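Taking it in order: structure first as structure tokens, then the write-up.
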Number of protein chains: 2
Amino acid sequence: MPDGERTRVRRLPDRQVFDRTSLDAILDEALIAHVAYLDALPGGDEDDDIPLVLPFACARDGDTLLLHGSTGAGLLRACAAGTTISVEVTHLDALVVARSTFDHSMNYRSAVVIGVPEVVPDDEKAAALDVLVDHLLPGRSAEVRRPTRKELAATTVVRLSLATASVKVRAKGAATDPGDGEDRSVWAGILPLALVADAPVAEADVPDAVPVPPSVRAAAARE
Amino acid sequence: MPDGERTRVRRLPDRQVFDRTSLDAILDEALIAHVAYLDALPGGDEDDDIPLVLPFACARDGDTLLLHGSTGAGLLRACAAGTTISVEVTHLDALVVARSTFDHSMNYRSAVVIGVPEVVPDDEKAAALDVLVDHLLPGRSAEVRRPTRKELAATTVVRLSLATASVKVRAKGAATDPGDGEDRSVWAGILPLALVADAPVAEADVPDAVPVPPSVRAAAARE
């Protein structure tokens with residue numbers, strides 16, 4: 001991963017981690033990614049463009065990150081036109097509770113990927129959608145009806161290279177300012193947080209005899 | 001909330017909710033916000049600016065959203081220079097498990113706020129930091145040492161008006177394409193997800209006699 005100007009963490013660089021394994025682990029745990037792109041107002045001037053951030057489902061596919069959505073979505077139209085985007089994924093692991101207002105923080109694992117995504121060609125789109133659904137629910141694509149041509153036509157999938165990326169992690173307890181060091185009567189520590197799954201809820205029209213499928217059971221146990 | 005071109009949800013407008021109560025509820029539950037701004041490379045041309053998205057702690061304060069960070073952070077320097085940003089908050093409530101690849105989805109509550117933030121003046125900064133810490137852990141600011149002048153000088157707080165915002169919610173079960181309607185042997189439903197707190201973990205230097213404070217107990221019960 002290049003350690004260039006673009007991906008250098010400017011604040012608290014000790015929290016930056018450069019290895020690809022860390023990046024992959026963060027992306028592989030992500031259910032949604034936060035995608036920023038320059039949004040153009042219809043009929044507006046280029047100077048009116050604003051950096052817009054929206055959530056998208058995502059999935060890592062080898063050395064790329066897949067995003068998908070309706071063919072008409074603004075982001076995907078911008079991608080088709082060739083635009084630089086950034087994608088951020090953050091897992092919040094804990095609130096860090098300190099002895100001073102200033103030292104309160106959060107533990108997190110965060111990745112940012114920057115680049116010009118390319119539109120996945122039509123003949124690779126069905127496979128890319130399998131990767132997206134199997135990322136959320138491993139094995140699910142084999143349990144369900146595959147996309148029709150009409151459904152494929154309504155969907156745009158783009159892939160973004162992971163070549164320019166940056167990872168930032170905080171994973172430790174609360175800092176205590178030396179000036180606050182004598183007074184241990186104030187509690188400090190962390191409040192761990194995690195995204196967890198509750199029991200799956202079947203649609204009303206699912207017969208009692210149809211069990212929760214392996215993909216959903218596995219995801220429920222994983223989250 | 002103005003229903004202007006900028007905040008109109010272009011995709012699936014039936015998922016858009018306009019009332020301020022929904023916006024406030026989403027922001028008040030947010031621990032982190034995803035902030036997009038135009039990042040300028042040092043010495044680079046304006047055409048090289050890229051829409052960068054980064055995570056920030058946030059807190060709603062009346063009709064504004066507060067963000068804060070180190071005075072040197074790129075976003076906050078951009079805010080001080082007067083720049084348009086967008087801020088996205090998303091709560092992921094469930095994976096939606098359908099009978100076809102295409103109908104898989106997610107239940108979520110998402111808000112996007114767009115505007116030019118203003119820097120909170122020095123004489124209001126300490127109060128704004130109280131709002132930020134009390135948003136994460138209600139009551140915490142009264143339990144800890146307040147910021148010093150040096151700490152305040154190292155911190156920039158900005159506030160963004162909620163006047164231009166948009167809310168999008170999906171909160172329902174799996175869609176089933178009419179063509180898939182006959183075959184009920186494929187399970188469909190939702191896998192509920194939530195961010196939950198585990199038991200607080202004290203720093204090693206906290207005496208046994210010091211209990212977990214009310215702010216942390218309340219947050220642990222809330223999440």
Side-chain angles (χ1 to χ4, degrees), chain A residues 10-11 31-32 34 36-38 41 50-53 55 70 73-74 84 86 88 90 92 95 97 99-102 104 110 129 133 136 141 144-147 151 173-174 180 184-193 195-198 200-203 205-207 210 212-213 216 219-220 223, chain B residues 5 10-11 31-32 34 36-38 50-53 55 70 73-74 84 86 88 90 92 95 97 99-102 104 110 129 133 136 141 144-147 151 173-174 180 184-193 195-198 200-203 205-207 210 212-213 216 219-220 223:
Chain A
R10 295 176 199 156
R11 301 307 312 168
L31 299 176
I32 52 173
H34 308 278
Y37 71 105
L38 267 184
L41 267 187
I50 56 156
L52 191 62
V53 51
S70 163
T84 300
S86 63
E88 175 241 306
T90 296
L92 182 57
L95 300 183
V97 185
R99 294 180 167 101
S100 66
T101 302
F102 185 77
H104 279 73
S110 182
L129 290 175
V133 77
L136 297 179
S141 67
V144 297
R145 177 179 62 70
R146 306 292 303 286
E151 288 172 343
D180 302 322
R184 291 287 184 265
S185 68
V186 180
W187 193 90
I190 66 166
L191 182 64
L193 299 170
L195 191 70
V196 301
D198 207 339
V201 180
E203 293 299 308
D205 62 4
V206 175
V210 175
V212 175
V216 178
E223 304 296 351
Chain B
E5 180 63 29
R10 295 176 199 158
R11 300 308 314 165
L31 300 176
I32 52 173
H34 309 279
Y37 71 106
L38 267 183
I50 55 155
L52 191 62
V53 52
S70 162
T84 300
S86 63
E88 175 242 305
T90 297
L92 183 57
L95 299 183
V97 185
R99 294 181 167 101
S100 66
T101 302
F102 185 77
H104 279 72
S110 182
L129 290 175
V133 76
L136 297 179
S141 67
V144 296
R145 178 179 62 69
R146 307 293 302 285
E151 288 172 344
D180 301 322
R184 290 287 183 267
S185 68
V186 180
W187 192 91
I190 66 166
L191 182 65
L193 298 170
L195 191 70
V196 300
D198 208 339
V201 180
E203 293 299 307
D205 62 3
V206 175
V210 175
V212 175
V216 177
E223 303 297 349

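Order of the sequence lines sets the chain letters (A, B, ...), proteins ahead of strands, with each chain counted from 1. Just so it is clear, the model here is predicted, and its values are computed rather than measured. Side chains included, hydrogens not; waters and symmetry mates left out as well; all remaining heavy atoms used.
How far OG1 of B:Thr90 is from CD1 of A:Ile32: 5.0 Å, rounded to the nearest 0.5 Å.
A:Val216 and B:Trp187 make their closest contact through CG2-CZ3, 4.1 Å (heavy atoms, listed as atom of the first residue, atom of the second, distance). Contact detail for B:Ala220 and A:Leu191: the closest heavy-atom pair is CB-CD1, 3.6 Å. Across B:Arg99 and A:Val144, no two heavy atoms sit closer than the pair O-CB, 3.4 Å.
For B:Leu95, the part sitting under 4.5 Å from any heavy atom of chain A is the side chain, from C-beta outward, and nothing else. Contact of B:Val133 with chain A is made through the side chain alone, with heavy-atom distances under 4.5 Å. Only the side chain of B:Ser110 comes within less than 4.5 Å of a heavy atom of chain A; its backbone N, CA, C and O stay farther away. When heavy atoms are compared at a cutoff of 4.5 Å, B:His34 approaches chain A by way of both its backbone and its side chain.
Applying the salt bridge (charged side-chain N to carboxylate O under 4.0 Å, His left out) test to A:Glu151 and every residue at least two apart in sequence or in another chain returns A:Arg145.
The shortest side-chain heavy-atom distance between A:Asp198 and B:Leu193 does not fall under the 4.5 Å cut-off.
Side chain of A:Glu203 to backbone of B:Ala174: a donor-acceptor contact under 3.5 angstrom is found. Although no hydrogens or angles enter the test, the distance criterion places no donor-acceptor pair under 3.5 Å between the side chain of A:Thr101 and the main chain of B:Pro147.
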